[in-house]
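For reference, the structure is listed below as C-alpha cells.
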Amino acid sequence: MTNSPWTWFRSLYNYLISLFWSTELDITLLGLQNAGKTSLLRVLTGDKFTPDSIPTVGFAMKRVKMGNVVLKCWDLGGQPRFRSMWERYCRGVNAIVFVLDAADLSAIPNAKAELHSLVEKESLKEIPILILANKNDLEQALTEEQVIEELDLASIKEHQVSCYSISVKEANNLNSVLSWLISKSK
C-alpha cells in the first residue's frame, strides 16, 4: 500500500492538532506506603495489576494519555523518610491524588494526620485533591462514606476534595478516577 497525499496530510493534520489542542496535566500521587499508588499508575498506563509491586523509593514519573489529555503523574514514595518531599512535588500541580489503603484500619489515623498536614501548607492552597480509598475488593475495607468521616474531609476548606472507593486489583471505579482527572483540564 502506498502513502497517498491524503494520508500524509491527515498525519500532519493530526500532529498539528495534538500540538495546539492537547493538554498536559501535572498530577501527584501520594499516600502511605503499600496503599497502591504504583499499582494504580501501572494499571492506568495499561499494564496488568501485579500483587508483588516493588515500593517506590523516592519518586517515579509516568505519562498517561487519554484522548487529548496527557497526565504527567508523579508517584511519590509513602515511607516516612519520603513524606517531607511531598509538598515540593505538589506545588503547582493540577491535582493531588491521595491513595489510601481502606482495608488497613490501623493506618487510617496516620493517613489522616499526613493528609491534613499537607493540606495546611500555604503553597498548596486551592489545588484539587482526590482521595482514593483503594482495596474495596477486601471485606474489611472502609466504605467511601466511612473514609470521608474517618479522614474528616469536611474540615478541608481550602481545596476542592473528592473521594472515590476503588480497587486497583479489580479495576473497580477507575473510569471515575480518569474522568475526575481529565475534568481538571477544563
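Values below: all heavy atoms of this structure, side chains included; hydrogens, waters and symmetry mates excluded. What you are looking at is a predicted structure, and each value in this text was computed from that prediction instead of being measured. Numbering starts at 1 and runs along the sequence shown.
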Next on the checklist: List the residues meeting salt bridge (Lys or Arg N to Asp or Glu O under 4.0 Å) with Glu114, not counting sequence neighbours, and say none if there are none.
Outcome noted: Arg83
Checklist entry - Are any of the side-chain heavy atoms of Leu115 and Ile156 separated by less than 4.5 Å? => result yes
Checklist entry - Any donor-acceptor pair under 3.5 Å linking the side chain of Lys37 with the backbone of Leu32? => result yes
Checklist entry - How would you list, by chain and number, every residue that makes a salt bridge (Lys or Arg N to Asp or Glu O under 4.0 Å) with Lys62, sequence neighbours excluded? => result none
Checklist entry - Has Gln140 got more than 12 heavy atoms of other residues, nucleotides or ligands less than 6.0 Å from its CD? => result yes
Item to check | Pairs involving residues 89-115, ordered by first then second residue, that meet ring pair (Phe, Tyr, Trp, His ring centres under 6.0 Å) (sequence neighbours left out) | outcome: Phe59-Tyr89, Trp74-Tyr89
Next on the checklist: With a 3.5 Å distance limit and no angle check, can you tell me whether His159 reaches the backbone of Lys125 through a side-chain donor-acceptor pair?
Outcome noted: no
Checklist entry - Thr28 and side chain to side chain contact (heavy atoms under 4.5 Å, CB included): which partner among Leu76, Ile129, Asp75? => result Leu76
Checklist outcome for this item: Residue set satisfying side-chain hydrogen bond (donor to acceptor under 3.5 Å, both in side chains) with Ser84, at least two apart, ordered chain then number -> none
Checklist outcome for this item: Residues at least two apart in sequence or cross-chain that pass side chain to side chain contact (heavy atoms under 4.5 Å, CB included) with Asp137, listed by chain then number, are Lys135, Ser167, Lys169, Glu170
Checklist entry - Does one hydrophobic cluster hold both Tyr164 and Leu138, with members joined at side-chain heavy-atom distances below 4.5 Å? => result no
Checklist entry - Does the side chain of Leu25 come within less than 4.5 Å of Val70's, by heavy atoms? => result no
Checklist entry - Is the backbone N or O of Val99 less than 3.5 Å from a side-chain atom of Asn134, with the two atoms forming a donor-acceptor pair by type? => result no
Checklist entry - Does the side chain of Val69 reach to within under 4.5 Å of the side chain of Lys65, using non-hydrogen atoms? => result no
Item to check | Partners passing salt bridge (Lys or Arg N to Asp or Glu O under 4.0 Å) against Arg91 (at least two apart in sequence or in another chain) | outcome: Glu87
Item to check | Chi angles and distances behind the side-chain contact (heavy atoms from CB on, under 4.5 Å) call for Leu132, Leu100 | outcome: CA-CA 6 Å; Leu132 297 180; Leu100 171 76; over 6 Å; no
Item to check | Side-chain donor or acceptor of His116 paired with backbone N/O of Leu151 under 3.5 Å | outcome: yes
Checklist entry - Would you call Val177 and Leu181 a side-chain contact if the rule is heavy atoms closer than 4.5 Å? => result yes
Next on the checklist: Are Leu130 and Val161 packed together at the side-chain level, in the sense that at least one heavy-atom pair is separated by less than 4.5 angstrom?
Outcome noted: no
Next on the checklist: Between Ser117 and Ala113 (side chain of the first, backbone of the second, donor and acceptor by atom type, cut-off under 3.5 Å), is there such a pair?
Outcome noted: no
